[in-house]
Amino acid sequence: MFNLILFGPPGCGKGTQSDKLVEKYGLVHLSTGNLLRQEIKDKTPLGLEAKSFIDKGQLVPDEVVIGMVDSYFDQHKEAKGFLFDGFPRTVAQAKALDKLLELKKTEIGKVLILSVDEEELIKRLVLRGKTSGRSDDADENVQRNRQAVYKKETLPVADYYTKSKKVGTVDGMGDIEAIFERLSSQIDKKIKQ
Ligand code: AMP
């Protein structure tokens, strides 16, 4: 099993690149943001709880997200590997993920960080807000809050994985295909090891 974390700030292109990577490497895409938006669409109690956090650009509580990931694993027992997109976003989530993977007798193979300038991120998100229909995209203040939450709560997750020497950084500026090539070459190197 090969498990990959695609890591980076809101707007860095994780979603776009994840779609391409899961197709190329036959992984199951686990995007907690997509799962939460589906819960909101289905008007489930979990979705209703999550919406108030998402709309303010805050993180949904760890226990809610971890529970959701756990049941996603149960639904994908045959997966030959997962691509984690937007998860883990806190050190507590990273530790919970390690435990869940240990139960499945596997682990994280690689963490790839997409690096993009902050002003470019805000520009991309405001632009995306014009067409995505996402309630957390349209407002520039919410965008700035999401970047601040990323620095405070999510960046420590990169340190957590750096200790285990699994982290690679990829330049996330420029053309979608060029970024995809950079990501693929790091994954290929890891798979061949
Ligand atoms: P995303 O689509 O990954 O940008 O996520 C959109 C929003 O969903 C985030 O701003 C958070 O409010 C929430 N969210 C997604 N994934 C997580 C997570 N792993 N932990 C906490 N909140 C999350």
Side-chain angles (χ1 to χ4, degrees), residues 1 3-23 26-104 106 108 111 114 121 124-157:
M1 216 178 181
N3 300 299
L4 171 72
I5 296 178
L6 194 55
F7 192 88
C12 71
K14 291 190 296 293
T16 305
Q17 295 295 334
S18 292
D19 288 342
K20 294 170 74 66
L21 290 169
V22 291
E23 199 185 319
L27 303 172
V28 172
H29 187 187
L30 199 168
S31 156
T32 43
N34 287 351
L35 293 178
L36 289 165
R37 281 184 287 280
Q38 189 60 46
E39 296 279 342
I40 293 173
K41 218 166 144 195
D42 295 344
K43 298 195 169 64
T44 64
L46 193 157
L48 289 177
E49 188 191 349
K51 187 171 181 353
S52 59
F53 294 97
I54 294 177
D55 285 352
K56 287 186 228 135
Q58 293 169 354
L59 294 185
V60 174
D62 285 336
E63 59 277 15
V64 174
V65 175
I66 293 163
M68 210 172 62
V69 170
D70 195 10
S71 60
Y72 196 79
F73 276 166
D74 284 344
Q75 291 158 23
H76 294 85
K77 289 206 165 74
E78 307 307 319
K80 64 174 210 179
F82 288 92
L83 187 163
F84 299 98
D85 159 13
F87 176 86
R89 257 177 160 99
T90 63
V91 172
Q93 291 180 16
K95 289 183 176 164
L97 177 60
D98 278 348
K99 283 205 186 113
L100 286 174
L101 291 176
E102 205 181 311
L103 286 174
K104 293 174 80 67
T106 180
I108 293 298
V111 181
L114 273 175
L121 292 172
R124 285 189 194 177
L125 286 164
V126 171
L127 195 71
R128 185 171 88 183
K130 294 192 171 132
T131 54
S132 71
R134 278 179 54 166
S135 53
D136 58 341
D137 271 349
D139 184 325
E140 188 166 334
N141 287 328
V142 173
Q143 296 319 331
R144 296 207 181 267
N145 192 34
R146 292 177 73 204
Q147 301 301 331
V149 168
Y150 173 77
K151 283 186 197 149
K152 183 161 175 273
E153 310 210 38
T154 306
L155 263 186
V157 177

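What you see below is based on every heavy atom in this structure, not just the backbone, and it leaves out hydrogens, waters and symmetry mates. Since we're looking at a predicted model, the values are computed, not measured.
- Between the side chains of Asn141 and Arg144, no donor-acceptor pair is found at a separation under 3.5 Å.
- In this structure, the side chains of Asn3 and Leu27 stay at 4.5 Å or more apart for every pair of heavy atoms.
- Taking 4.5 Å as the limit, every side-chain heavy atom of Arg89 sits out of range of all side-chain heavy atoms of Val157.
- The two residues Pro88 and Ile5 have their closest heavy-atom pair at CD-CD1, 3.7 Å.
- Ring geometry for Phe84 versus Phe73: interplanar angle over 60°, hence perpendicular rather than tilted (30 to 60°).
- With a 4.5 Å cut-off on side-chain heavy atoms, Tyr150 and Leu155 count as touching.
- Between Val65 and Leu35, every side-chain heavy-atom pair lies at or beyond the 4.5 Å cut-off.
- Looking only at side-chain heavy atoms (C-beta outward), Arg37 and Arg134 come within less than 4.5 Å of each other.
- Across every non-hydrogen atom of Met1 and Phe82, the tightest pair is CE-CE1, 3.6 Å.
- Using a 4.5 Å cut-off on side-chain heavy atoms (C-beta onward), Asp55 and Val142 make no contact.
- For the residue pair Thr90 and Glu153, no side-chain donor N or O sits within less than 3.5 Å of a side-chain acceptor on the partner.
- Two residues are said to be in side-chain contact when any heavy atoms from C-beta on lie closer than 4.5 Å; Tyr72 and Thr32 fail this criterion.
- Put simply, SG on Cys12 and CD on Gln17 are 9.0 Å apart, with the number rounded to the nearest 0.5 Å.
- Put simply, NZ on Lys56 and CG on Asn145 are 10.0 Å apart, with the number rounded to the nearest 0.5 Å.
- The minimum heavy-atom distance linking Leu36 with Ala50 is given by the pair CD2-CB, 3.8 Å.
- Between Gln147 and Leu125, the closest side-chain pair of non-hydrogen atoms falls below 4.5 Å.
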